[in-house]
Peer 1: 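The following block contains the structure, expressed as structure tokens.
This is a predicted model, so every value here is computed, not measured. The analysis underlying the following values was restricted to heavy atoms, covering all of them including side chains, and did not include hydrogens, waters or symmetry mates. A, B, ... follow the sequence lines: proteins, then strands. Residue 1 opens every chain.
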2 protein chains.
Amino acid sequence: MNRQTTNGGHADGTVGKALDVMDLVAARGRPVRFAELLAESDHPKATLYRLLQTLTNQGMLTYDEARQTYAPGLRLVRLAHAAWQQSSLAPIARPFLDALSEQVGETIHLAQMDQGQVLYVDKRNARKPIDMFSEAGKIGPGYCTGVGKAMMAFLPEDDRAKAINMQAFFAHTPRTLTDAEALERELDAIRAEGVSFDREEHEQGIICIAAPILSATGRVMGALSITTSTQRNTLDGLEKLRPALTETATKIAEAAESWQFPG
Amino acid sequence: MNRQTTNGGHADGTVGKALDVMDLVAARGRPVRFAELLAESDHPKATLYRLLQTLTNQGMLTYDEARQTYAPGLRLVRLAHAAWQQSSLAPIARPFLDALSEQVGETIHLAQMDQGQVLYVDKRNARKPIDMFSEAGKIGPGYCTGVGKAMMAFLPEDDRAKAINMQAFFAHTPRTLTDAEALERELDAIRAEGVSFDREEHEQGIICIAAPILSATGRVMGALSITTSTQRNTLDGLEKLRPALTETATKIAEAAESWQFPG
DNA sequence: AATAAGGTTTCATTATTTGGAACAATCCGA
DNA sequence: TCGGATTGTTCCAAATAATGAAACCTTATT
């Protein structure tokens, strides 16, 4: 037996440590100084220093000599291109998102699960043109977004338990579910219902309906949501969009399964 | 003295090897089997196997159990979001690209240099909406694209020499420059001229004019190009767009320098 | 000029990676 | 159904690379 499952705990080997450092740099969202990183990482000075050097050499980080700061490197952009095309639903789902966007005229998100968090891989704005990398690649919490709850609800039991454990419950709004028990009950309800709602749990005034994208075998591939504001629409109004949403989710699932690379 | 410069040769340490494997997987552009990778990498079986396991554990690769294939993982997409925002000119350049696109009505590329290759970080199509990750993150050759030549021309002498060495000259068309000497002469001319042209060197019927984006100190930050086809326009026609192009390049450079992160 | 803070290098110790070879599982043609 | 490939996985002693405390530079600060 082997563990092919996703790394819940920490680091295997040097590579793991290096990648943790990558995350640390990326998480900051701005160029970081050595000392800042040192404060957060629990590696000794010399170790962290060498990891940073290696990553910089490899183009995974860039180092600004003038300001003495590290930032994520362009090699990532190149690699991500491949990842987005191959491992995300986005390229397959694109035409379906376009159609749904046209039909409902609201903001649409396509998301997948990554390390207990929601990773947005594509988006359509209510009207405006789409926003490149600045939107795709964004992450969000699992426990208080429509897509997050939709995906977690349909995870196999043990994966679901792991995912719940990874949540860092924080009360973004008065309606946020702030503990594992409440979340579990909600997920049961979602599983029964087939879709999930975000009832202003992440942001005041923002609501959404979301559906999981499930493979024929029931595996969670991702989730799809329609988002709006309480000023434009209501939860009941979103409920009316449910058929369009679930149909699109089904179509994406089918397309993904049938297209699995020619060869 | 230290080597902070980019890795021209190969691997430092385990991390380097792991990242090489990442490249190998990403380069294929489709899910890969263990044996395929084994054939190309010069690592022994067991070593490659463990590297793949580590990367999979880390979410840098995904493993499809059914098909026994590896593909780039979603963790990359998350990291790339940060990279694109912080290390690329794209977020800063966006409004300028929009304006230029509006003005000239042709395809526009924003590129940066990565390991001797051209990395496209943003794009505007002649008319259609833009194309997310499917366009950003793409790579192209340095020696036969307008942006590639524009950037190489303005590199410091030793970096330029390195970059030229990394080119894998291939005659895409009869007009492609196919050796280092021809390329060097061309780069001299470009440096004198201030802009570069792609005279159907990469693809028959496709021409472009490109300008480097240079910092106040003369460092190459990227390049900007306007692309068209010989059916729509001519090299002389592109020459007329030169002022718009170089002005935009200058504006982007200024914006990039003045905005260098508040803090 | 002295002190502090941030960053870089050294080197003996320690832990991880290595890879040949044995092992298991799966596929294929007869 | 049976060999014989082919492909993927595990072992373990030897080789190698990572470690981190401390010393050492190098800029800022007073």
Side-chain angles (χ1 to χ4, degrees), chain A residues 1-7 9-25 28 30-58 60-71 73 260-261 263, chain B residues 1-7 9-25 28 30-58 60-71 73 260-261 263:
Chain A
M1 288 295 99
N2 67 346
R3 293 257 136 274
Q4 197 70 276
T5 353
T6 328
N7 172 11
H10 291 230
D12 33 357
T14 317
V15 176
K17 284 173 212 165
L19 292 172
D20 282 352
V21 172
M22 281 299 316
D23 274 346
L24 213 58
V25 176
R28 284 272 161 172
R30 59 178 177 76
V32 220
R33 287 266 265 306
F34 178 87
E36 296 185 69
L37 293 171
L38 184 57
E40 288 197 61
S41 103
D42 33 32
H43 297 293
K45 232 196 212 184
T47 301
L48 179 63
Y49 179 73
R50 265 169 298 116
L51 285 173
L52 288 169
Q53 286 234 125
T54 304
L55 289 168
T56 304
N57 270 328
Q58 294 294 330
M60 296 292 282
L61 295 176
T62 52
Y63 181 66
D64 181 332
E65 302 210 20
R67 293 159 202 271
Q68 300 190 135
T69 54
Y70 296 90
Q260 296 279 44
F261 272 98
Chain B
M1 289 294 100
N2 66 347
R3 293 257 136 274
Q4 197 72 276
T5 353
T6 327
N7 171 12
H10 290 230
D12 33 356
T14 317
V15 176
K17 285 173 210 162
L19 292 173
D20 282 352
V21 172
M22 281 299 315
D23 274 346
L24 213 58
V25 176
R28 284 271 161 171
R30 61 179 177 74
V32 220
R33 286 262 263 308
F34 178 88
E36 294 185 71
L37 293 171
L38 184 57
E40 287 197 61
S41 103
D42 33 33
H43 297 294
K45 231 199 219 182
T47 302
L48 179 63
Y49 179 72
R50 266 170 296 112
L51 285 174
L52 288 169
Q53 288 234 123
T54 304
L55 289 168
T56 304
N57 270 327
Q58 294 294 330
M60 296 293 282
L61 295 177
T62 52
Y63 181 66
D64 181 333
E65 301 211 19
R67 292 158 203 271
Q68 299 190 136
T69 54
Y70 296 89
Q260 294 280 47
F261 272 99

Peer 1: What are the two closest heavy atoms between A:Thr62 and A:Gly73, and how far apart are they?
Peer 2: CG2-CA, 3.8 Å

Peer 1: Would you kindly compare A:Glu36 and A:Val15 by the position of their nearest DNA chain C nucleotide and give the one closer to the 5′ end?
Peer 2: A:Glu36

Peer 1: Base, sugar-phosphate, or nothing: which does B:Arg33 touch, judged by heavy atoms less than 4.0 Å apart?
Peer 2: sugar-phosphate

Peer 1: Please report the distance, rounded to the nearest Å, between CG in B:Asp64 and P in D:dG8.
Peer 2: 13 Å

Peer 1: Rounding to an integer number of Å, can you tell me how far B:Leu52 CG sits from D:dG8 P?
Peer 2: 10 Å

Peer 1: At less than 4.0 Å, is any side-chain N or O atom of A:Gln68 found next to OP1 or OP2 of C:dG7? Yes or no.
Peer 2: yes

Peer 1: Looking only at side-chain atoms of A:Tyr63, point me to the closest of C:dG19, C:dT8, D:dG20.
Peer 2: C:dT8

Peer 1: Between A:Asp64 and A:Arg67, is there a side-chain N and carboxylate O pair less than 4.0 Å apart?
Peer 2: yes

Peer 1: Report the distance from atom CG of A:Asn57 to atom C1' of D:dA18, rounded to the nearest whole Å.
Peer 2: 16 Å

Peer 1: I'd like to check the side-chain contact (heavy atoms from CB on, under 4.5 Å) partners of B:Glu36; sequence neighbours left out, ordered by chain and number.
Peer 2: B:Arg28, B:Arg30, B:Val32, B:Arg33

Peer 1: Please report how far the helix from C:dT8-D:dA23 to C:dA30-D:dT1 bends, comparing the axis fitted to its first five pairs with the axis fitted to its last five, to the nearest 10 degrees.
Peer 2: 50°

Peer 1: The side chain of A:Phe34 lies closest to which of these nucleotides: C:dT8, D:dT19, D:dT9?
Peer 2: C:dT8

Peer 1: Identify whether any heavy atom of B:Ala35 sits under 4.0 Å from a base atom; if not, whether one sits that close to sugar-phosphate; answer base, sugar-phosphate or nothing.
Peer 2: sugar-phosphate

Peer 1: Does the C:dG20 base have a donor-acceptor partner in the side chain of B:Lys45 within less than 3.5 Å?
Peer 2: no

Peer 1: Rounded to the Å, how far apart are A:Tyr49 OH and D:dC24 P?
Peer 2: 18 Å

Peer 1: Rounded to whole Å, how long is the line connecting atom CG of A:Leu48 with atom C1' of C:dG6?
Peer 2: 13 Å

Peer 1: Please report the distance, rounded to the nearest Å, between CZ in B:Arg50 and P in D:dA15.
Peer 2: 16 Å

Peer 1: Could you tell me which residues satisfy side-chain contact (heavy atoms from CB on, under 4.5 Å) with A:Leu48, sequence neighbours excluded, listed by chain and number?
Peer 2: A:Val21, A:Phe34, A:Leu37, A:Leu38, A:Ser41, A:His43, A:Leu52

Peer 1: On a heavy-atom basis, which atom in A:Val25 and which in A:Tyr70 lie closest, and how many Å separate them?
Peer 2: CG1-O, 4.0 Å

Peer 1: Is the distance from OP1 or OP2 of D:dA17 to the nearest side-chain N or O of B:Thr14 less than 4.0 Å?
Peer 2: no

